[in-house]
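It should be emphasised that the depicted structure is a prediction, and the values quoted were computed from it without experimental measurement.
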2 protein chains.
Amino acid sequence: MPTYKAPLRDMKFLINEVFDYPKHYASLKSGENATPDIVDAILTECGRFSEEVLSPLYQSGDEEGCKLENGDVSTPKGYKEAYEQYMMGGWQGLSAPEEVGGQGLPASMGLLKQEMMGTANWPFSMYPGLSLGAMNTIQLHGSDEQRQTYLVPLTEGRWAGTMCLTEPQCGTDLGQVKTRAEPQADGSYKITGTKIFISSGDHDLTENIVHIVLARLPDAPKGTKGISLFIVPKFLPNGEGGVGQRNGVTCGSLEKKMGIKASATCVMNFDDATGHLIGPENEGLNCMFTFMNTARIGTAIQGVGPAELSYQWALEYAKERRSMRALSGKKDPEQVADSLIHHADVRRMLLTQKAFAEGGRAMLYDAARLADHMVEGHLEGDEKKAEAYDDKLGFLTPILKGFLTEMGYEAANLGVQVFGGHGYIREHGMEQIVRDTKIATLYEGTTGIQALDLLGRKVMLSTQGGAVREFTLRISNWARRQVTHRKARPFAWELLKLAAQWNVLTVRLMLTARKDRDIISAAANDFMMFSGYVTMAYMWARMAVVAYDKLENGGAESEAFYRAKIATAEFYFDRLLPRAQAHATSMLSPTRNLMQLDAQDMAFTG
Amino acid sequence: MPTYKAPLRDMKFLINEVFDYPKHYASLKSGENATPDIVDAILTECGRFSEEVLSPLYQSGDEEGCKLENGDVSTPKGYKEAYEQYMMGGWQGLSAPEEVGGQGLPASMGLLKQEMMGTANWPFSMYPGLSLGAMNTIQLHGSDEQRQTYLVPLTEGRWAGTMCLTEPQCGTDLGQVKTRAEPQADGSYKITGTKIFISSGDHDLTENIVHIVLARLPDAPKGTKGISLFIVPKFLPNGEGGVGQRNGVTCGSLEKKMGIKASATCVMNFDDATGHLIGPENEGLNCMFTFMNTARIGTAIQGVGPAELSYQWALEYAKERRSMRALSGKKDPEQVADSLIHHADVRRMLLTQKAFAEGGRAMLYDAARLADHMVEGHLEGDEKKAEAYDDKLGFLTPILKGFLTEMGYEAANLGVQVFGGHGYIREHGMEQIVRDTKIATLYEGTTGIQALDLLGRKVMLSTQGGAVREFTLRISNWARRQVTHRKARPFAWELLKLAAQWNVLTVRLMLTARKDRDIISAAANDFMMFSGYVTMAYMWARMAVVAYDKLENGGAESEAFYRAKIATAEFYFDRLLPRAQAHATSMLSPTRNLMQLDAQDMAFTG
């Protein structure tokens, strides 16, 4: 079974050569310590940890899964030791403020870390990943006392955190939340209810677990405007940084899932558990949304990671496994057959994986710069700045989360296809990547919800198309500068056409929506996929231009690397980008073809 | 957990109203007994058996899986009893000749049976399904004695059969087969070697298992021209229809797989096992290919089945589960939220499933008529007739197997999406359909191999494009008759354009292939997918015309059914068919974008 190799060359290409992170970091307060050699050292060490510690546990964790015994959840063999190393390495606090014990580095450094660790072993990385969500919530909405009590142990990784949103009757539609919070004389609340699908709800990695819980105060307004946010720790803090009494929150059962089996997905029962309000009463959902964009970008990594991992494994196999002869003539005449890699259709699958992995990575790193500014705005208390960057990021987020996770899933499935029948057998690990990746299209809002968020909320409601105009302007401004580029010209023309088309499609949908509201939901998925393909095309064009220029200026130390970039860009524009047009055609078709059938007439069995 | 309902209304619509099976059966010798009321009774009974006996075992079989203990494989609880009922019902011999104890009905009846049983419980249906492959081989290539010895117990279902092709070093490229066959003085052979991925290789359902094995005679020519076919039974026949001594073939281990866990996938060790040659020496692969088309159509059913099953379950859920409000206004104002079915994007997913299930079913039933004629040719010894129909079927087979299984997999994944996070949880059964369906794109030749078979072999090599010309002529002849149809006119025009485009694409690829052989592999997948979308469009147009006419002529007993057909056809043409154009664009792009990179330059890790 091949193991994860951190794609450091590609990561550094993006941060140093395409997006100029050194300059970007120099513009950030939190970038002060993120000098090129520090960044380099961190990436190297993170890559090593991911390759040597996390990757070897990926398959065994799937085989073993988590166990619930006597009310306690235990993680698979080796997880505790790996987490110990993670904690000792200070990884949890990488992008956390220094005043709570973090290293104060930019948010994007945390994303690079999450990408490597998550690609090596996604289920493991969910434990610290969920904690980050809790940390962000407390950082932004907690009282000073709450920050003091919880943030230091969370940043150290001694404690972990969860987000308790979903209930049996509702996931997306959180207005239906029923969990109750009864105020107590001492200012605390008694929380009672059942939460499901709680990742890392219980486990044996940390001495305490801090639950961030959505619940309803008595007499709260119905629906989304009556939801408040509470901190409910597994053990009550003892006031000295340690833990005291056990709280009334327990894991009722573990879900049996398609994949991510090493990640504990818990049914959590709150039974008069002591909690404390966080943020204002009845504004729990707003508090959640503050960092929803960053949380969703965290999930978007799960689009890039599996594409990378599955590509690495499939590429090795395609080089080694021999079957049939290449159509253009024998390639390895002394062997019984040619390697799979010599078959064009196998290359089509491999290059699709590569194009999605590297193109998706570029989309993430591009967006991560916006996250850096947004977080800085929050930490500086400059809410206007934070909001401005949150808006920019908010437009890209559903594209990243929705499009990249679907592409990651496609890439993981192609990895199985490259292996043929062997891809279906567990020992090769390829099918595990498929099972583990499917969840990415479901949690943190399904693909359908991302699409609705993009078209309905971010494009139509909040900006009346302005978000598309702003982003396509960025694309076309860049492309216009490249139309005289000796080599990249065709990419630039294509992008100019696509940017214009994106706007036209947006306007047509907005006009239709005036009379026919259903068009928003009807067109959403196609609109998001179109947006994704075009955004990724922009990234591939940018990468190609850098590669052309490096080769042109000579002395490129890694000529083959740049040639591979250009070849993959050509592949992407020729063979994947045409799909955007199918989505364009489909999204403009009448809603009638979806809505005309009565529900009871959709099936005639018996 | 919802259970399978046999879609008898849709099946009867196709066989009676669209494809006129009664007339077709009247033209067949084997159709003598397939009168409309017999067919009706068989479908009803088969539907009942599938719903009541097989469907309830689908989920439990996945949970339990197969076990290998002391060299014997046992199937999950309830399988033995269900198989007993299957055998008692005479289902195994439905389409087998009467002289070996079968019912002598047309091959297409067997396909309808396989569809229902396979949709209810695919892993179960693989046990009798693999037997059919062995039965066909013996029927066509066995000696009289072999037929007498093996076909009667196989047809009764008392014995089962397997196909032993794959070895560790080769699956697709069977020229690499190493298993040896040493001739013995008594005319038998000693077979020694290891076969992997042997479905139903061992189990507890029957008193004997008959393996059809590919092996090499001493001094056989290298490669594909030195492979012979052998019958190797688990127990040697005792000459009285029963079993005698145990043969030297054992199950070494069971593969741990992504899905179809209730189907035993065995590593089979042959250790001086007694076998008998079947067919001529060194012509084993030709013998295999005789029925490869029918075997692959059997697998194509696994594209339609999961789409149907996942659709049935997702539709129920979408009617019951409530989340958010419909964009066009509250639909169930008295409830806390509207049903999922009122959201256009959910309908997009459901209708995609429906379009693939019903469109795929039509493609199967259309092709099954060719199979009926082909089989009749074989049984009558009219090889010219058999070959003529085999050629027609041979063109459609890779489209059915390659395209429909990919679409079935997409449909199964959409079923998970409709369920949201719940789709990922095992108890709901949706993720099982995904895991069970993935194998369909891998076995009996991967999607890539189907594509190569279609474009390289069936289109270019065997017919120089003639197969496309013939099939598109069928489409355009039909479409030309509909251009004056008051309602179906737009479908007809679209089909005429697509038929012409299909030919143009074929010619362009053939011209390119003269100079650049790689184009065949480079374009194969896009060509197959394009072919699939157009063929399915033809089916939807045909179904729509029948539905329009029934409504037009009034007195339609099931008006809602016909309206649903038309609505689904509109959906298919508007929202799924545009994908064909993305494939058309992609397939014509230069092979350079796939082939230019050296294998060692495809990744730069570290």
S.K.: Between B/L452, B/I439, B/D518, which residue shows the highest count of heavy-atom pairs closer than 4.5 Å to chain A?
M.R.: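 The candidate making the most pairs under 4.5 Å is B/I439.
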S.K.: Side chains of B/L442 and A/H422: does their closest heavy-atom pair fall under 4.5 Å?
M.R.: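 They are not in side-chain contact.
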S.K.: Using non-hydrogen atoms and a 4.5 Å limit, figure out which bit of B/K257 sits close to chain A: side chain, backbone, both or neither.
M.R.: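 Interface part for B/K257: both.
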S.K.: Among B/V336, B/L577, B/I519, who wins on heavy-atom pairs under 4.5 Å with chain A?
M.R.: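 The option with the most such pairs is B/V336.
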S.K.: Of all of A/L588, A/T446, A/I449, A/L315, which one pairs up most often with chain B through heavy atoms under 4.5 Å apart?
M.R.: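 Heavy-atom pair counts peak at A/L315.
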S.K.: When you compare the side chain of A/L351 with that of B/M602, does any pair of heavy atoms fall below 4.5 Å?
M.R.: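 In short, these two side chains touch, coming nearer than 4.5 Å.
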S.K.: Just verifying a value: how many Å separate B/M349 CE and A/L594 CG, rounded to the nearest 0.5 Å?
M.R.: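 Going from the CE atom of B/M349 to the CG atom of A/L594 covers 11.0 Å.
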S.K.: Distance alone, cut at 3.5 Å: any donor-acceptor contact between the side chains of B/S589 and A/R575?
M.R.: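 A pair is found: one side chain offers a donor N or O, the other an acceptor, under 3.5 Å apart.
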S.K.: Just wondering, do B/E570 and A/Q596 contact through their side chains at under 4.5 Å, heavy atoms?
M.R.: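 When only atoms from C-beta onward are counted, B/E570 and A/Q596 do touch, with a gap below 4.5 Å.
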S.K.: In terms of heavy-atom contacts, does CZ of A/R325 have more than 12 from other residues, nucleotides or ligands at under 6.0 Å?
M.R.: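 Count over threshold, so yes.
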S.K.: At a 4.5 Å cut-off on heavy atoms, which part of B/Q169 comes close to chain A: side chain, backbone, both, or neither?
M.R.: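 The backbone, not the side chain.
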S.K.: Taking B/R347 for the side chain and A/L597 for the main chain, is one N or O donor matched with an acceptor at less than 3.5 Å?
M.R.: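 Yes.
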S.K.: Could you state the interatomic distance from OG1 (B/T568) to CG (A/N593), rounded to the nearest 0.5 Å?
M.R.: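 One finds 10.0 Å between OG1 of B/T568 and CG of A/N593.
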S.K.: Taking every heavy-atom pair that is under 4.5 Å apart, which of B/F561, B/Y443, B/F571 has the most such pairs with chain A?
M.R.: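 Option with the greatest count: B/F561.
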S.K.: Which one of B/T591, B/D10, B/V416 has the most heavy-atom pairs closer than 4.5 Å to chain A?
M.R.: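 Answer, by heavy-atom pair count under 4.5 Å with chain A: B/V416.
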S.K.: Regarding B/E63 and A/K256, does a basic nitrogen lie under 4.0 Å from an acidic carboxylate oxygen?
M.R.: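 So B/E63 pairs with A/K256 through a salt bridge.
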S.K.: Let me know if B/I425 has heavy atoms under 4.5 Å from chain A in its side chain, its backbone, both or neither.
M.R.: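 For B/I425, heavy atoms of backbone and side chain both lie under 4.5 Å from chain A.
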S.K.: Are the side chain of A/Y424 and the backbone N or O of B/R435 linked by a donor-acceptor pair below 3.5 Å?
M.R.: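 It does hold such a pair.
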S.K.: At a heavy-atom separation under 4.5 Å, does B/A524 approach chain A through its side chain, its backbone, both, or neither?
M.R.: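 Neither; nothing under 4.5 Å.
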S.K.: What option among A/N413, A/L350, A/I260, A/V346 has the most heavy-atom pairs under 4.5 Å with chain B?
M.R.: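 Of the candidates given, the most pairs with chain B belong to A/N413.
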S.K.: Let me confirm one number: the NE2-OG distance from B/H342 to A/S521, rounded to the nearest 0.5 Å.
M.R.: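 Nearest 0.5 Å value for the NE2-OG distance: 12.5 Å.
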S.K.: Taking atom types as modelled, is there a side-chain donor on A/T441 or B/Q417 under 3.5 Å from an acceptor on the other?
M.R.: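 There is such a pair (donor and acceptor under 3.5 Å, judged by atom type) between the side chains of A/T441 and B/Q417.
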S.K.: So for B/L576, is it side chain, backbone, both, or neither that comes closer than 4.5 Å to the heavy atoms of chain A?
M.R.: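 Contact with chain A is absent: no heavy atom of B/L576 under 4.5 Å.
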S.K.: To check you understand the geometry: which heavy-atom pair defines the closest contact between B/A337 and A/Q176, and what is its length?
M.R.: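 Smallest heavy-atom distance, with atoms named: CB-NE2, 3.6 Å.
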S.K.: For the CZ atom on A/R426, are there more than 12 heavy atoms of other groups (residues, nucleotides or ligands in this structure) within a distance under 6.0 Å?
M.R.: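 It does: A/R426 CZ has more than 12 such atoms within range.
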S.K.: Calculate, to the nearest 0.5 Å, the distance between atoms CE and CD belonging to B/M258 and A/Q432 respectively.
M.R.: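 CD of A/Q432 is found 11.0 Å from CE of B/M258.
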S.K.: B/E255, B/R321, B/H583: which one forms the most heavy-atom pairs within less than 4.5 Å of chain A?
M.R.: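 Winner by heavy-atom pair count: B/R321.
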S.K.: At a 4.5 Å cut-off on heavy atoms, which part of B/F13 comes close to chain A: side chain, backbone, both, or neither?
M.R.: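 Neither part.
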S.K.: Considering only heavy atoms and a distance below 4.5 Å, find which of B/A584, B/A523, B/A582 pairs most often with chain A.
M.R.: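 Answer, by heavy-atom pair count under 4.5 Å with chain A: B/A582.
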S.K.: Give, as side chain, backbone, both or neither, the part of A/D526 having an atom under 4.5 angstrom from any heavy atom of chain B.
M.R.: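 The answer is the side chain of A/D526.
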S.K.: Let me know if B/I341 has heavy atoms under 4.5 Å from chain A in its side chain, its backbone, both or neither.
M.R.: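 Side chain only.
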S.K.: Looking only at heavy atoms, which two atoms of B/T172 and A/M324 are closest? And how far apart?
M.R.: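 Answer, listing the atom of B/T172 first, then A/M324: CG2-SD, 4.1 Å.
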S.K.: So, taking the atom named CZ in A/R579 and the one named OG in B/S586, what distance separates them when rounded to the nearest 0.5 Å?
M.R.: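 Those atoms lie 8.0 Å apart.
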S.K.: Testing the 3.5 Å rule here: is there a donor-acceptor pair between the side chains of A/D345 and B/N525?
M.R.: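 There is no such pair between these side chains.
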S.K.: Counting only heavy atoms closer than 4.5 Å, note whether B/K438 contacts chain A via side chain, backbone, both or neither.
M.R.: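 Both parts, backbone and side chain.
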S.K.: If you look at every heavy atom in B/F604 and A/A564, which pair is closest and at what distance?
M.R.: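 The answer is CE1-CB, 3.8 Å.
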S.K.: Let me know if A/F573 has heavy atoms under 4.5 Å from chain B in its side chain, its backbone, both or neither.
M.R.: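 Neither; nothing under 4.5 Å.
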S.K.: Contact between B/P590 and A/D574 at the side-chain level, heavy atoms closer than 4.5 Å - yes or no?
M.R.: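 Contact flag for B/P590/A/D574 side chains = yes.
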S.K.: Counting only non-hydrogen atoms closer than 4.5 Å, does A/I196 touch chain B with its backbone (N, CA, C, O), its side chain (CB onward), both, or neither?
M.R.: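 Only the side chain of A/I196 comes within 4.5 Å of chain B.
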S.K.: Which atoms of B/I566 are under 4.5 Å from chain A, going by heavy atoms: the side chain, the backbone, both sets, or neither?
M.R.: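 Neither part, no heavy atoms under 4.5 Å.
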S.K.: Can you find a heavy atom in the side chain of A/Q581 that is under 4.5 Å from one in the side chain of B/T585?
M.R.: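 The answer is no; the side chains never approach within 4.5 Å.
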S.K.: Hey, can you tell me if A/Y409 and B/Y409 have their rings parallel, tilted or perpendicular (30° and 60° cut-offs)?
M.R.: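 Aromatic pair A/Y409/B/Y409 classed parallel.
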S.K.: Just how far is it from atom OG of A/S328 to atom CD1 of B/I520, taken to the nearest 0.5 Å?
M.R.: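 The CD1 atom of B/I520 is 10.0 Å from OG of A/S328, to the nearest 0.5 Å.
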S.K.: What part of B/V434 gets within 4.5 angstrom of chain A, counting heavy atoms only: side chain, backbone, both, or neither?
M.R.: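 The side chain, not the backbone.
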